[in-house]
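A note on names: the letters A, B, ... follow the listed sequences, proteins ahead of strands, and every chain is numbered from 1. Not measured: the values here are computed from a predicted model.
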There are 2 protein chains.
Amino acid sequence: MGRVQAFETDEVVRSARAVFWEHGYEEASLPELERATGLSRSSIYHAFGSKRGLFDAAVASYLNEIIRPRLLPLNSPDVTEIAILDYFTTLRAALAQPDSQQSHHGCLLLNAAGAPIAHESAVSVAIAGYRQELKSSLSLGIAAHRPGIDDVARLQLATVLSSLVIAAMTLARIDKEQALATVDTALELLNN
Amino acid sequence: MGRVQAFETDEVVRSARAVFWEHGYEEASLPELERATGLSRSSIYHAFGSKRGLFDAAVASYLNEIIRPRLLPLNSPDVTEIAILDYFTTLRAALAQPDSQQSHHGCLLLNAAGAPIAHESAVSVAIAGYRQELKSSLSLGIAAHRPGIDDVARLQLATVLSSLVIAAMTLARIDKEQALATVDTALELLNN
DNA sequence: TATATAGTGGACTGACCGGTTCACAAAATG
DNA sequence: CATTTTGTGAACCGGTCAGTCCACTATATA
């Protein structure tokens, strides 16, 4: 029995995730990934197979650690009446925070949507799935927030709100004011 | 007096625009731009100064030839009651068309929003300006569509509709059904 | 000590990148 | 024909890329 793996895979993936989030898949270089993870390329290739393999792990990490925790309260069996308000308030706070990755780089997945990597089936499926998950979660939050709402109106509002999220994330690295104003519109719609 | 420039600058920029639209700034290579424009790199550099100079011209071309013509009816002094419905119907048709660039690649500017090039001030300013222009135009269309609407509601609806546009464009290269459904939601909101 | 595996560092492969240079050809005018 | 400008093609510069290879070191267990 030989040497045991010394690094934490999740920790390495988090570091790599930050690089992909900032630069995108294509512009994230091996030297930069080496620096961020603290591993040499031999170790990276041994653990993940390829740069693309590391990217796939980063996408999964992003969904599990950044996206889904924020959607959790909406997907809870006892989702509260204000869970959806909290979701947007939390999102707004994240976008407003001066030194957060969300604030500077928007959404890793939505950024990938506009990049060449989106042509990879697995990547576009992941992004499409994220959007559906977002809509579905918001729909549950809307139902809890407005118990009497009919299905058609609820799904429509879910489409609108998820689109406001996408727009805000897209604008995050372009114009902070417009991004925050977009989230504010979501909150206004919910408070009407 | 010597040789006259033989190529049409606008035509060259259109060809280059198609390459940047499909690949993004970073992944658009000089050889690919040479192939698409039919010019050698010497001529490209002579006419545009750099790859970035060509990209800037492509962005201007995109705004002037793709974006603004579609917003024109909304910005007209005698904007019709159904101009905004026409806008979304036309957008939907473009996204539904199997072999159009919009259908395959979404929006050149919004794709750039998630790319490293967005860190260039001039690029992010162009994207922020496009979003404001879109909102402003939609606001005019909303006013014509619903003459009695108050300012607050109109601006809110403009934010919502422009976000639906952004979401649809982002989803265009990811999931055609979701992209079209997003535009449908905009039309439903207007027909309520 | 032997065995087995993780991890490194750097050289290497083969390819490509944006941008520059320049001799030469093409084309327009005088 | 001379002059001037556009446009080409290819070599070149200096650099970078993802991925491979391998001798070597480190580490854990028996």
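Taking atom CG on A:Leu30 and atom C1' on D:dG15, their separation rounds to 16 Å, with Å as the unit. If you measure from atom CD of A:Glu34 to atom C1' of C:dG7, you get 12 Å, rounded to the nearest angstrom. In this structure, A:Phe7 atom CZ and C:dT5 atom C1' are separated by 13 Å, rounded to whole Å. Straight-line distance from the CD atom of B:Glu27 to the P atom of D:dT16: 17 Å, rounded to whole Å. Atom CZ in B:Arg35 sits about 15 Å away from atom C1' in D:dG9, given to the nearest Å. If you take CD of A:Glu26 and P of C:dC17, they are 14 Å apart, rounded to a whole angstrom. As rounded to whole Å, 16 Å separates atom C1' of C:dG7 from atom CD of A:Glu8. In this entry the distance linking CG of A:Leu33 with P of D:dC17 reads 10 Å, nearest Å.
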Got a list of protein N/O to nucleotides 26-30 of chain D N/O distances below 3.5 Å?
from: D:dA26; atom 1: N3; to: A:Arg3; atom 2: NH1; distance (Å): 3.4
from: D:dA28; atom 1: N3; to: A:Met1; atom 2: O; distance (Å): 2.8

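When all heavy atoms of A:Glu32 and A:Val19 are compared, the closest pair comes out as CG-CG1, 3.7 Å. Taking each heavy atom of A:Val160 and B:Val160 in turn, the nearest pair found is CG1-CG1, 3.6 Å. B:Arg173 and B:His105 get closest at one heavy-atom pair: NE-O, 3.4 Å. Pairing each heavy atom of A:Ile166 with each of A:Leu110, the nearest pair is CA-CD1, 3.9 Å. Of all the heavy atoms in A:Pro116 and B:His23, the pair that sits closest is CG-O, 3.4 Å.
B:Tyr25 and B:Phe20 have parallel rings, their planes meeting at less than 30° on a 0 to 90° scale where 60° marks the start of perpendicular.
For residues 41-56 of chain A, proximity to DNA chain C is found at A:Ser42, A:Ser43, A:His46, defined as any non-hydrogen atom under 4.0 angstrom from a strand atom.
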Given B:Glu8 and B:Arg14, is the salt bridge (Lys or Arg N to Asp or Glu O under 4.0 Å) satisfied, shown in steps? CA-CA 10 Å; B:Glu8 271 273 346; B:Arg14 269 184 214 111; over 6 Å; no

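Close to D:dC17, at under 4.0 Å from its OP1 or OP2, lies a side-chain N or O of A:Ser29.
Between the side chain of A:Lys176 and the backbone N or O of A:Pro98 there is no donor-acceptor pair closer than 3.5 Å.
Linking ILVMFWY side-chain heavy atoms closer than 4.5 Å, directly or via other members, places B:Leu190 and B:Leu164 in a single hydrophobic cluster.
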